[in-house]
Amino acid sequence: MPNVLAVIPARGGSKGVPGKNLAPIADAPLVVRAVRAARAARLIGQVVVSTDDPGIAALARSAGAGVVERPARISGDTATSEAAVLHAMDTVEQRDGTPLDVVLLVQCTSPFITPGDLDGVTRAVLDGADCAFTAAPFHGFVWRESDQGGHGVNHDKAYRPRRQDRPQDWLETGAAYAMRAPGFRTERHRFFGRTSLVPADPARVLEIDDPHDLDRARALAPLLDGTGGRLPGREDIDAVVIDFDGTQTDDRVLIDSEGRELVAVHRGDGLGIAALHRAGLPLLILSTEQNPVVAARARKLRIPVLHGIDRKDLALKQWCEEHGINPERVLYAGNDVNDLPCFGLVGWPVAVAGAHDVVTAAARAVTTAPGGYGAIREIASWILGKELRTS
């Protein structure tokens with residue numbers, strides 16, 4: 001398995017937008033959004049945030065990233081992102097005693113980066129490129145002014161060819177770069193050797209450089225975060241049903257010497273479920289998994305559970321009938337293909353970040369947090385809003 005590290009540089013200082021990396025977009029600060037995307041990428045093994053700011057460090061840890069404390073000599077306004085990545089590489093390799101194969105530079109000032117973007121640049125390097133970056137197709141005519149007036153940069157101003165007759169140009173998005181680690185260490189810059197351009201969605205290209213960019217990002221977030229423009233509120237929901245593996249966990253299983261299986265859950269999810277319970281919403285954990293850890297988690301949360309279920313949709317339909325709940329007013333949260341029948345039954349099918357592609361495509365809303373990293377608490381915040389924040 002290749003050793004792949006994602007480094008997210010996030011200084012505390014910023015002249016254009018003070019405290020920029022802590023600025024919230026939708027439900028999370030910029031640095032948290034970047035961590036979530038990197039942790040949800042399938043090809044990235046480790047995620048670290050390089051920072052000189054204690055507040056950023058605390059948020060990064062809470063989102064599941066490691067933290068590399070950046071020294072003052074590479075924390076000023078003139079410090080390069082390359083310097084931060086090289087320092088983080090040294091720190092991680094010295095700590096782990098294992099050389100890195102691929103290193104990513106992930107910019108948290110690009111709020112709409114996706115796990116697929118990060119896997120795309122990583123895959124390009126694993127498949128033979130020396131470096132790769134996200135790029136969006138660009139069809140505009142570029143001009144530059146000089147003492148002689150304006151002149152075309154990528155075209156002859158006397159000739160205006162049709163779009164389909166012009167060469168395809170690409171715009172560097174500034175969001176994600178992947179480099180073969182030994183080559184990056186030698187060259188000390190992000191572009192060397194064979195460079196691959198990895199296509200990105202032009203609609204998601206936005207870099208936060210000034211306060212107006214923050215306003216645009218906040219306006220676009222409901223659309224680009226996969227929510228269809230609106231998230232479910234308390235007025236939409238009469239019950240919440242939650243899958244277990246990959247939704248309340250990160251889909252990993254630890255097995256001890258006795259063959260017992262252990263999973264990790266997120267304390268924030270427990271807080272969110274408790275708040276939903278206090279709000280009077282019926283709750284259910286519904287899982288195909290037979291492991292007793294599912295029932296143990298349900299007992300801890302004090303909510304009902306049905307597990308070891310082959311036909312989750314039939315079980316869900318029966319549960320709704322027994323409780324007099326209209327399935328159209330049920331929110332079901334899941335992550336894998338065995339959740340799709342339930343998605344077709346309820347009014348609010350929700351996928352967690354990092355879910356299977358077909359599940360994400362079938363969802364009415366998608367969380368920004370992956371399963372096991374606060375996705376259920378995020379859903380609770382959609383439904384309860386201020387009621388959750390003040391409880």
Side-chain angles (χ1 to χ4, degrees), residues 1-11 21 30-31 34-52 56-57 60 64-110 113-136 170-200 205 207:
M1 185 74 176
N3 191 3
V4 180
L5 171 72
V7 180
I8 303 170
R11 293 190 304 115
N21 293 317
L30 283 169
V31 67
V35 170
R36 288 173 176 175
R39 288 194 59 82
R42 300 178 186 277
L43 298 178
I44 294 175
Q46 294 188 71
V47 181
V48 299
V49 172
S50 169
T51 187
D52 60 340
I56 291 175
V67 172
V68 173
E69 295 184 8
R70 196 189 308 188
R73 61 182 172 78
I74 55 171
S75 297
D77 291 335
T78 60
T80 65
S81 296
E82 280 87 349
V85 174
L86 287 164
H87 175 259
M89 289 173 63
D90 290 341
T91 302
V92 170
E93 288 185 338
Q94 289 171 11
R95 180 197 66 197
D96 297 346
T98 305
L100 293 164
D101 298 306
V102 179
V103 63
L104 280 79
L105 164 59
V106 181
Q107 300 281 25
C108 57
T109 48
S110 294
I113 192 169
T114 69
D117 293 332
L118 300 177
D119 278 334
V121 294
T122 305
R123 173 54 61 194
V125 172
L126 292 175
D127 286 348
D130 292 297
C131 59
F133 65 95
T134 49
W170 294 88
L171 178 68
E172 184 181 334
T173 71
Y177 306 82
M179 294 79 68
R180 199 173 296 278
F184 178 67
R185 190 180 291 284
T186 299
E187 301 295 337
R188 307 183 76 79
H189 63 85
R190 71 190 77 173
F191 298 114
F192 58 92
R194 179 186 166 193
T195 302
S196 287
L197 283 67
V198 176
V205 177
E207 291 187 88

Exercise. G183 and F192: which non-hydrogen atoms are nearest, and at how many Å?
Worked result: C-CZ, 3.5 Å
Problem set entry | Residue pair S75 / A79: nearest heavy atoms and the distance that separates them | N-CB, 4.0 Å
Exercise. Within a strict 4.5 Å, meaning less than it, do heavy atoms of the S81 and R190 side chains meet?
Worked result: yes
For this session: Kindly indicate whether the side chain of L86, heavy atoms from C-beta on, has any atom under 4.5 Å from the side chain of F184.
Result: yes
For this session: Measure the shortest side-chain to side-chain distance between M89 and M179 over non-hydrogen atoms and say whether it is less than 4.5 angstrom.
Result: no
Exercise. Looking only at side chains, do T122 and D119 share a donor and an acceptor under 3.5 Å apart?
Worked result: no
Exercise. Any chance CD of E207 has more than 12 other-residue heavy atoms, nucleotides or ligands included, within less than 6.0 Å?
Worked result: yes
For this session: Determine whether V92 and R95 make a side-chain contact, defined as any pair of heavy atoms from C-beta on separated by less than 4.5 Å.
Result: yes
For this session: Could you pull out the closest heavy-atom pair between A136 and V205, with the gap in Å?
Result: CB-CG2, 3.7 Å
Problem set entry | Working for side chain to side chain contact (heavy atoms under 4.5 Å, CB included), residues V48 and V68 | CA-CA 7 Å; V48 299; V68 173; 4.1 Å; yes
Problem set entry | Closest contact, heavy atoms only, I113 versus A176 | CD1-CB, 3.6 Å
For this session: Verify, without hydrogens or angle tests, whether D101 (side chain) and N3 (backbone) share a donor-acceptor contact under 3.5 angstrom.
Result: yes
Problem set entry | L197 and F133: CA distance, side-chain angles, deciding distance, side chain to side chain contact (heavy atoms under 4.5 Å, CB included) verdict | CA-CA 5 Å; L197 283 67; F133 65 95; 3.6 Å; yes
For this session: Please report the shortest heavy-atom distance between V125 and A178, naming the atom on each side.
Result: CG2-O, 3.6 Å
For this session: Answer yes or no: is there a donor N or O on one side and an acceptor on the other, between the side chain of D90 and the main chain of H87, under 3.5 Å?
Result: no
Problem set entry | Distance-only side-chain donor-acceptor flag, R70 / S50, under 3.5 Å | yes
Exercise. Does the side chain of Y177 pick up a donor-acceptor pair with the side chain of E82 at under 3.5 Å?
Worked result: no
Exercise. Counting distance only, does the side-chain N/O of T51 pair as donor-acceptor with the main-chain N or O of A10 below 3.5 Å?
Worked result: yes
Seminar exercise, completed: Rounded to the nearest 0.5 Å, the SG atom of C108 sits from the CD1 atom of I8 at a distance of 7.0 Å
Exercise. Can you find a pair of side-chain heavy atoms, one from I56 and one from R11, that are under 4.5 Å apart?
Worked result: no
Seminar exercise, completed: In short, V47 meets A38 closest at the heavy-atom pair CG2-CB, 3.7 Å
Exercise. Side chain to side chain contact (heavy atoms under 4.5 Å, CB included) between D130 and T195: does it pass, once the steps are laid out?
Worked result: CA-CA 6 Å; D130 292 297; T195 302; over 6 Å; no
For this session: Decide yes or no for T173 and T134: does some side-chain heavy atom of the first lie under 4.5 Å from some side-chain heavy atom of the second?
Result: yes
